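Heavy-atom basis, side chains included; hydrogens, waters and symmetry copies ignored. Read the numbers this way: they start at 1 and go in the same order the structure lists the ligands and their atoms. Keep in mind it's a predicted model, so treat the numbers as computed, not measured.
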Amino acid sequence: MFSEVYSEGSILKDQQLEGKSCSLMGMKVLQKATRGRTAGLFSLIDTMWPPVMPLKAPGHGQTCEEVKTHVPPPSFCYILSAHPNVGQIDIIEGDPISKLYQPPVPHFLREILQTADLSTRCSFYARVIYQRPQLSSLFPLQQTEIWLMVTDVTLQMQDENNSGLPKTVPVCVAPSCVLSQEVREALTEAAPHCFLFRDALRTQGRFVCVERSVLLLQKPLLGVDSGAHSCELTGPVKLSELDSITQVNSICCLQGTVVGVDESTAFSWPTCDLCGNERLDQSPGDRGAFSCRDCSHVVTSPVLRRHLQVFLDCPTRPQCAVRVKLSQTSIASLLSLAACEDGSYEVKSVLGKEVGLLNCFVQSITTHPASCVGLEEIELLSTGRASSGSGHCPRP
Ligand SMILES: [Zn+2]
């Protein structure tokens, strides 16, 4: 029989309990959970079934007999919690790690993707190379869904075993997944952290971290061969090219020819040339000069930022309208090709220009009434500190 115990302790304390034999006192049954109603709980129980020890059933008299036949996984689970004041969980000192303990077994992402998707839990080490939204330390992290684009060494390999597999996969971290303070802090840094994703749910072709999934930050092991489950990558991260199986909320790379410009959404705005802040005030008495509301700098030569979406003709996605919101760097390089002698730009002069490779996040895919993909050019997290908003993209 399985039971789940709700404890008031911190996450750290719960991790110290893992694998230990404990005595429980002062417990009450909150609920008898059934497979049909609590699928998330049973997807976790199923990863621990059958037990590593032979099952025993009450026999005649006082003896227990080993059950030799196949036993189906349990159909119910008691959810317990401690009575206030009297309830407690104590580790039984001196007891070795329980023989019943089954730690999650991490697999390479390629192994997981090549096995059937049966709404099961899985564990893997992976490197986060892009996340959305980018979080600030002020962000109310618990209330929002976070998309992490991850990869490992097996997905980055280029060999015949990888045909049909993406080079990166999205992991959705649902608000129900409790994140430790250490993980929250790591997610607010624009750095390509490596995590152990424990008991992520793989369902309908997606990885989702939900309740009972755990993210553990992996510190780089300097000078240590971290073995088969390392998420250290051997070279620069490669992305899959945009094609007909690219999914929404994933990342891809693409190149193509500009066949249109979305003029209705094109605009530009001045920013502070010292701190990059967009909130500028007109300086009194001096037309054309601004003062920055953030750093109080007098901005005499503001940096112009632009919003520009273009339509591309992509050879990997023919018969499809591919709309890309370009980064500042790509806009600047595209417009430098299209500038008129007086410094202005003509829309038609960017038509026919080649762009790419661009790294992009897939925002939308529609098939009706017309086939259309909406993308935003992005900057991957790199090992150096990423500077926000510079829009740099590596080019071949
Ligand atoms: Zn400023």
message: Surrounding CZ of R293 (heavy atoms of other residues, nucleotides or ligands, distance under 6.0 Å), is the total greater than 12?
response: yes
task: Please confirm if an N, O or S atom belonging to H297, backbone or side chain, lies less than 2.8 Å from the Zn ion (ligand 1).
output: no
- prompt: At the Zn ion (ligand 1), what angle lies between atom SG of C272 and atom SG of C275, rounded to 10 degrees?
  reply: 110°
field: Shortest non-hydrogen separation from W49 to V71 and the atoms involved
entry: NE1-O, 3.1 Å
task: Measure from NZ or CZ of R306 to the centre of the six-membered ring of F267 and say whether it is under 6.0 Å with the direction within 45° of the ring axis.
output: no
- prompt: Under 3.5 Å, side chain of T38 to main-chain N/O of T34, donor-acceptor pair present?
  reply: yes
message: Using the Zn ion (ligand 1) as the vertex, how large is the angle between SG of C292 and SG of C295, rounded to 10 degrees?
response: 100°
